[in-house]
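Note on naming: letters A, B, ... go to the chains in the order of the sequence lines (proteins, then strands), and numbering restarts at 1 for each one.
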Amino acid sequence: MPDYKPQTIEKKWQERWRDSRAFEVAEDPSKQKFYCLEMFAYPSGHAHVGHVRNYMIGDVVARMKRMRGFNVLHPFGWDAFGLPAENAAIKNRTHPETWTLENIAHMKGQLQRLGISYAWEREIATCLPEYYHWNQWVFLKMLERDLAYRRRSTVNWCPSCNTVLANEQVIDGACWRCGTTVTTRELEQWFFRITHYADELLDATDTLTDWPEKVLTMQQNWIGRSEGARVRFALGGPEQLLASGSRLLAESGPTAAEGKTNQQPAANSQQPTIEVFTTRIDTIYGANFLMLSPEHPVVQEWSREAGADEFRRNLQRFQAQDRNARMIGEIEKEGFDTSRTAINPFTGRPVPIWVANFVLIEYGTGAVMGVPGHDQRDFEFAKKYNLPITIVVQPEGEKLTVETMTEAKPGAGKLVESGEYNGLDWEEANHKMTVDAEARGIGEGTVQYRLKDWGISRQRYWGTPIPVVYCESCGMVPVPADDLPVMLPKIAEFSGRGDSPLAQIPEFVNTTCPKCGKPARRETDTMDTFVDSSWYFFRFCDPHNSELPFDPEKVTYWGPVDFYSGGVEHAILHLIYSRFFTRVFRDLGMTTLSEPFTRLLTQGMVLKNGQVMSKSKGNVVDPDDMIQKYGADALRLYVMFVAPPEKEIEWTDAGLEGSWRFLARVWRLVDSLADTIGGEGIPTPAEVELNDAERALRRKTHDTIRRVTLDLDPRVHLNTAISGLMELVNELYAFCNNSDCLRIGQTASDAASVGVVERAATVAVLKESVEALVKMISPFTPHMAEELWEKLGHSSGIVAAGWPAFDEAVAKAEEVVIPVQINGKLRARLTVPADISEEQLRQIALSDPAVVKHLEGKTVRKVVIANGRLVSIVAG
RNA sequence: GCCGGGGUGGCGGAACUGGCAGACGCUCAGGACUUAAAAUCCUGUGGCCUUCGGGCCGUGCGGGUUCGAUUCCCGCCCCCGGCACCA
C-alpha cells in the first residue's frame with residue numbers, strides 16, 4: 001500500500017484543477033449563485049500562515065457550497081497600491097511597480113500551492129490602469145454629484161522628512177520613520193462626502209444581521225451620532241467688538257467647510273453671536289461661561305486685534321501644545337479669560353467667554369457652554385478658575401448643594417433655578433427648550449456626527465492619480481471621462497523627500513486645459529488606497545470590462561457578497577468605505593444594492609509565542625516550509641481545526657503534526673478498503689439486511705453527515721465539523737478492528753491483511769460511510785479527498801459527486817441513554833428504546849436498582865421528564 | 001470613562017432552545033507489534049476520597065430563579081479588543 005505522500009498528490013490535483021479551469025464560473029440564471037470572498041491581499045512580499053488562514057476559511061465555504069450545487073464565485077486579487085512599495089523603492093532602489101509585481105508573483109505561487117479554489121482568470125491588481133481607470137471614473141461621477149469636493153484642511157507633517165504623513169503613520173505624535181514630533185499643515189485636500197450617508201450608514205447597521213455585533217458597534221461608535229441643539233449666545237461686552245464682530249460671525253463656525261450635514265445656518269439676526277452645540281440644552285440655566293477652542297475663528301480674529309498682546313501670548317502657548325497630546329487629553333485642562341462676555345439667551349445674563357485648550361475645533365461648533373454643575377470637565381474648569389457653579393437639575397431623591405458638591409452631577413433629574421422650566425423632567429425640558437429656542441430664533445435642534453468626510457488626497461506616488469487639472473482661466477477642471485485613465489507616469493528616482501513625487505515630473509504636471517486648451521497643471525496628489533478596496537468586490541463580477549467599472553447586469557447576478565471574511569482590523573475603515581461606495585454606485589444607478597456584504601466573518605490572527613507574526617519579531621511561519629514537510633492539506637486542516645475561525649490561534653508544530661497523523665489515518669483507512677468497496681454493483685445499505693454493528697455504523701454515518709452539514713452551513717464552525725469527521729473515522733476503525741477480515745493495514749507490506757469481506761451488508765455500509773467521509777473532508781483537504789475519490793473508482797471529480805445527504809430517521813438512535821437525577825444529582829443511566837413513552841420511562845426509572853437504593857427512606861415528591869431526554873426525581 | 005467580547009482539565013477547545021460538563025485534538029502514561037527503536041493499533045488521562053460498588057467537589061467570585069444553571073437574573077473581580085476631553 002502506498003503511504004500518504006501529500007506533495008505528489010497535491011501537485012497532481014492543482015495541475016488538473018488549473019488545466020480544467022475547475023473554478024472559473026459564468027453567470028447562470030438556472031443556478032443559485034454564491035459569492036464567497038476573502039479580503040484581497042496587500043502584496044507585502046511573503047504570505048505567512050496568518051494571512052493564509054483567512055483564505056482557507058473562505059475556501060472551505062466555497063468548496064462546500066460548490067458541492068451543494070451553487071454557482072460559486074470565488075475570486076482573488078491584490079490591493080497593490082500603497083506606501084510600503086514606495087518605501088521599499090527608496091530603500092532598495094527598485095521601482096514600486098517592480099517590487100509589487102514580484103511580490104504578487106511570489107504570493108500567488110504560495111496561494112496556489114495551498115490549493116485554494118480561486119477563479120484566477122478574474123484576478124485583479126489595483127495598481128494596473130485597467131483597474132485604477134475606474135477609480136478615476138467614480139471620482140468624476142462623485143465630483144458631478146458634489147460627493148467629492150476640495151477644501152483646505154490640516155494634515156500631519158513631519159518637519160524632518162519634509163513630507164505629509166497619514167494618521168496611521170503618526171505613532172504617539174511622532175513620525176514613524178524618524179521619530180520627529182509631527183506638526184500640522186494646511187493643505188488643499190480632496191474629500192469624499194461620506195457624511196451625506198451618515199444617517200443611512202448608521203441606521204442600516206440594523207439590517208446587517210449576519211455581521212458580528214462587535215463590528216456593528218464599532219461602526220456605530222465611529223459614526224457617533226448625537227442629538228442635541230445649537231444655541232446662539234449674543235456677544236456683549238466691549239462695544240468696539242460689535243463692528244468687527246458682525247463681519248466675523250457671518251462666516252464663523254469652523255464647520256461651515258465641513259460639509260453639508262454640518263453646515264451652520266447663517267445667524268438670523270444682525271447681532272454677532274457665538275454658537276455652541278450641546279446635547280443638554282436643559283442645563284442651559286446653569287451655563288455660567290462659554291469656552292472656545294483656540295482655533296475658533298473668533299478667537300483668531302480677537303488675537304489679531306491691536307493691544308491684544310497677552311491674549312496672543314496665551315493663545316500661542318495653547319497652540320504650541322502638542323496637538324496629539326491635546327487630542328487625546330493627556331495635557332492639563334487650561335483656559336484664559338478673553339475679558340469678553342456673551343448673553344445667555346435663556347437667563348438673559350452675561351457670561352464670560354474663555355478660551356479652553358480642551359475644546360475641539362473639529363467637533364460641533366468649536367464652542368461649548370460651560371455647565372459646571374452637570375459636566376465634570378466644566379466643573380473642574382470652574383473650580384480651577386473660580387467660576388460660579390449653579391445646580392439646575394436635581395436628581396430624584398437627592399438634594400444637591402453647590403457647597404457640598406465634589407464633582408459634577410450629569411444625568412437625570414428635575415429642573416430647578418430654570419425659570420419657567422422649573423419642575424420639568426430633564427428630557428421633557430430638553431425637548432421643550434429646543435422647540436422654544438427655534439421659535440425665538442436663537443437655536444435649533446440638530447444632529448451631530450463624529451464621522452467626518454473622508455480625506456482622500458495623498459502626497460504620494462504609488463496610487464491612483466486624481467483626474468483633475470488646474471487652469472489659470474478655468475480653475476479646477478475635471479479630466480473628461482474619455483481621456484481616462486490618467487496614467488501614473490514612471491518615475492526614476494525615489495528620495496522620500498518633498499511634496500507629492502508627481503509634482504517633480506514636468507511631463508506629467510504640465511498639460512493643457514480640457515476646456516480652453518491653455519496650459520494647465522495636473523493635480524499631483526494620488527488617492528488614498530482605501531478607495532481601491534472600496535469597490536473591488538464589484539469589479540470581480542466583471543473584471544475585464546473596458547467600458548465601465550462593471551456591467552450592472554453582472555452585479556445583479558452575483559451581488560451582494562454572500563460570505564465575506566477578513567481581519568477585524570478592517571472593521572471600521574474598509575468596511576464603512578465599502579458600504580459608502582455601494583450606496584454611491586446605487587445612487588449612480590449601477591446597482592440596486594445598498595449593502596455589499598451579507599455575512600461577515602472576522603477571522604482571528606495566528607500567533608506564535610503569543611505574538612503576531614512579523615519579520616521583525618522573527619516568528620514568521622512560512623506556509624511553504626509547512627507544505628514541504630506535511631503538505632498543504634495538513635496545514636489547511638490544522639488551522640481550521642485548532643479553534644473557531646473568529647478566534648486567534650497559537651501556532652504549534654505539534655498541532656500540525658496531529659493533523660497530519662489524522663490525514664494519514666484517513667488515508668490508510670480508505671486505501672485499505674478501496675478494493676473492497678470501490679467495485680461495481682454494490683448495493684445501498686437500504687437494500688440489505690443489516691446486523692447491529694452495521695446498523696450502528698450507518699447511524700453514526702448519517703448522524704455525522706447531519707452534524708457536519710449544519711456545522712458548515714449555516715454555522716461556520718469548522719473546528720467542530722472536523723471533530724465530527726474524526727469521530728466517524730474512529731468509529732470506522734473500531735468497526736473494522738472488530739471484524740475478523742478487516743484489519744486496516746499500516747504499511748505497504750500489510751496490504752495482504754485486508755481480507756475478502758463476505759457480507760454484502762458490511763460492504764454496503766462501509767461504502768456509504770467511507771464515501772460520505774471523503775466527500776465531507778474534501779472542502780478541508782481537497783487534494784487528498786480527490787485522490788481518494790479516484791481510488792474509490794470514480795473518474796469524475798468529487799464536486800460533481802455532490803454533498804452527501806442524510807436520512808433523519810437513520811441518524812436517530814434506536815436506543816438512547818437517559819440520565820436519572822435525584823435531587824439534581826446524577827444517580828443512574830438507563831438504556832431504553834428511543835421511542836419509549838414517558839410513562840414507561842418513569843416506571844423504568846423508579847424501579848432501577850440504583851434509583852431505588854438512593855430513594856431509600858425518602859418519598860418521591862415529583863418526577864420531571866424533560867422532553868424525553870432526562871428523568872429528574874425530587875425526593876425528600 | 002463609554003462600548004463590545006471573554007474567563008471551562010496540564011494545553012487548544014466542545015456542550016444546539018436551561019437537561020449526562022470536558023466531545024475532538026495535543027500532551028503524558030500503559031499495553032500490543034518489533035531483536036530494538038520509530039511509526040502504527042489499543043487502553044487510560046479534571047481534582048480529592050474509595051471497602052473498586054461507588055462517593056464528594058468542580059465551568060472567575062458571591063447571591064438568586066429552577067426539579068435541574070457553563071447557559072437565565074442581580075452584584076462583584078479579572079483578561080482581551082475598540083473608541084476616547086465628542087460638549
Would you call [X] and [Y] a side-chain contact if the rule is heavy atoms closer than 4.5 Å?
X: A:Pro294; Y: A:Phe336; value: no
X: A:Pro345; Y: A:Phe233; value: yes
X: A:Tyr638; Y: A:Thr652; value: yes

Ignoring hydrogens and angles, state whether a donor on the side chain of [X] or [Y] is under 3.5 Å from an acceptor on the partner side chain.
X: A:Asn730; Y: A:Arg665; result: yes
X: A:Thr365; Y: A:Glu275; result: no
X: A:Glu657; Y: A:Tyr630; result: yes
X: A:Gln219; Y: A:Arg579; result: yes

Looking across every strand, which nucleic acid part, if any, lies under 4.0 Å from [X] by heavy atom: base, sugar-phosphate, or nothing?
X: A:Arg861; result: nothing
X: A:Arg706; result: nothing
X: A:Lys853; result: nothing
X: A:His854; result: sugar-phosphate
X: A:Glu727; result: sugar-phosphate
X: A:Pro212; result: nothing

Select one nucleotide: of [options], the one nearest the side-chain heavy atoms of [X].
X: A:Leu360; options: B:rC83, B:rA87, B:rC26; answer: B:rA87
X: A:Arg665; options: B:rG55, B:rC42, B:rG4; answer: B:rC42
X: A:Val817; options: B:rU40, B:rC85, B:rC20; answer: B:rC20
X: A:Arg377; options: B:rG12, B:rA87, B:rC3; answer: B:rA87
X: A:Val368; options: B:rA87, B:rA15, B:rC41; answer: B:rA87
X: A:Met726; options: B:rC24, B:rC26, B:rG13; answer: B:rC24
X: A:Asn221; options: B:rG68, B:rC3, B:rC57; answer: B:rC3
X: A:Thr217; options: B:rC86, B:rC24, B:rG4; answer: B:rG4
X: A:Tyr733; options: B:rC56, B:rC41, B:rG13; answer: B:rC41
X: A:Ala643; options: B:rG25, B:rA23, B:rG13; answer: B:rG13

Does B:rG31 sit syn or anti, given that only angles within 90° of 0 count as syn?
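Here the answer is anti: the torsion falls beyond 90° from 0.
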Syn if the chi torsion is within 90° of 0, anti otherwise; quick check, which is B:rG22?
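Anti.
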Spacing of [X] atom [atom1] relative to [N] atom [atom2], expressed in whole Å:
X: A:Arg661; N: B:rG25; atom1: CZ; atom2: C1'; result: 9 Å
X: A:Met369; N: B:rC86; atom1: CE; atom2: P; result: 15 Å
X: A:Glu227; N: B:rC86; atom1: CD; atom2: P; result: 18 Å
X: A:Leu710; N: B:rA15; atom1: CG; atom2: P; result: 13 Å
X: A:Asn719; N: B:rA23; atom1: CG; atom2: P; result: 15 Å
X: A:Gln220; N: B:rG82; atom1: CD; atom2: C1'; result: 13 Å
X: A:Asn730; N: B:rA14; atom1: CG; atom2: C1'; result: 15 Å
X: A:Ile361; N: B:rC86; atom1: CD1; atom2: P; result: 16 Å

Using atom types as modelled and distance alone, determine if a side-chain donor or acceptor of A:Asn288 lies under 3.5 Å from a backbone N or O of A:Val371.
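Flag not set: sc A:Asn288 to bb A:Val371 has no pair under 3.5 Å.
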Which whole number of Å gives the distance between the [atom1] atom of [N] and that of [M]?
N: B:rG19; M: B:rC28; atom1: C1'; result: 33 Å
N: B:rU59; M: B:rG7; atom1: P; result: 13 Å
N: B:rU40; M: B:rC26; atom1: P; result: 10 Å
N: B:rC41; M: B:rC33; atom1: C1'; result: 8 Å
N: B:rU35; M: B:rG46; atom1: P; result: 35 Å
N: B:rG55; M: B:rA38; atom1: C1'; result: 43 Å
N: B:rU66; M: B:rC74; atom1: C1'; result: 16 Å
N: B:rC85; M: B:rC79; atom1: P; result: 23 Å

Who is the Watson-Crick or G-U wobble partner of [N], with both distances under 3.5 Å?
N: B:rG4; value: B:rC80
N: B:rU70; value: none
N: B:rG46; value: B:rC57
N: B:rC26; value: B:rG10
N: B:rU40; value: B:rA32

Sequence neighbours excluded, every pair satisfying side chain to side chain donor-acceptor pair (under 3.5 Å) that has a member inside residues 368-378 of chain A:
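Sorted result for residues 368-378 of chain A: A:Asp375-A:Arg377, A:Gln376-A:Glu380.
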Any ion pair linking A:Arg317 and A:Glu334 (charged N to carboxylate O, less than 4.0 Å)?
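Salt bridge present between A:Glu334 and A:Arg317.
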Is the shortest side-chain N/O distance from [X] to OP1 or OP2 of [N] below 4.0 Å?
X: A:Ser226; N: B:rA87; answer: yes
X: A:Arg668; N: B:rC41; answer: yes
X: A:Arg827; N: B:rC20; answer: no

Residue-level proximity of residues 864-876 of chain A to RNA chain B when a heavy atom falls under 4.0 Å:
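By residue number: A:Val864, A:Ala866, A:Leu870, A:Ser872, A:Val874.
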Where each residue is assigned the nucleotide of RNA chain B containing its nearest heavy atom, which of A:Pro819 and A:Val642 is assigned the position nearer the 5′ end?
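Upstream on the strand: A:Val642.
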With nearest nucleotide decided by heavy atoms, which residue, A:Val215 or A:Thr278, maps closer to the 5′ end of RNA chain B?
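This one resolves to A:Val215.
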May I have the list of side-chain donor-acceptor pairs in residues 711-722 of chain A shorter than 3.5 Å, sequence neighbours left out?
{"from": "A:Asp711", "atom 1": "OD1", "to": "A:Arg715", "atom 2": "NH1", "distance (Å)": "3.3"}
{"from": "A:Asp711", "atom 1": "OD2", "to": "A:Thr720", "atom 2": "OG1", "distance (Å)": "2.9"}
{"from": "A:Asp711", "atom 1": "OD2", "to": "A:Ala721", "atom 2": "N", "distance (Å)": "3.3"}
{"from": "A:Asp713", "atom 1": "OD2", "to": "A:Lys65", "atom 2": "NZ", "distance (Å)": "2.9"}
{"from": "A:Asp713", "atom 1": "OD2", "to": "A:Arg68", "atom 2": "NH1", "distance (Å)": "3.0"}
{"from": "A:Arg715", "atom 1": "NE", "to": "A:His717", "atom 2": "ND1", "distance (Å)": "3.3"}
{"from": "A:Arg715", "atom 1": "NH2", "to": "A:His717", "atom 2": "ND1", "distance (Å)": "2.9"}
{"from": "A:Thr720", "atom 1": "OG1", "to": "A:His717", "atom 2": "O", "distance (Å)": "3.1"}

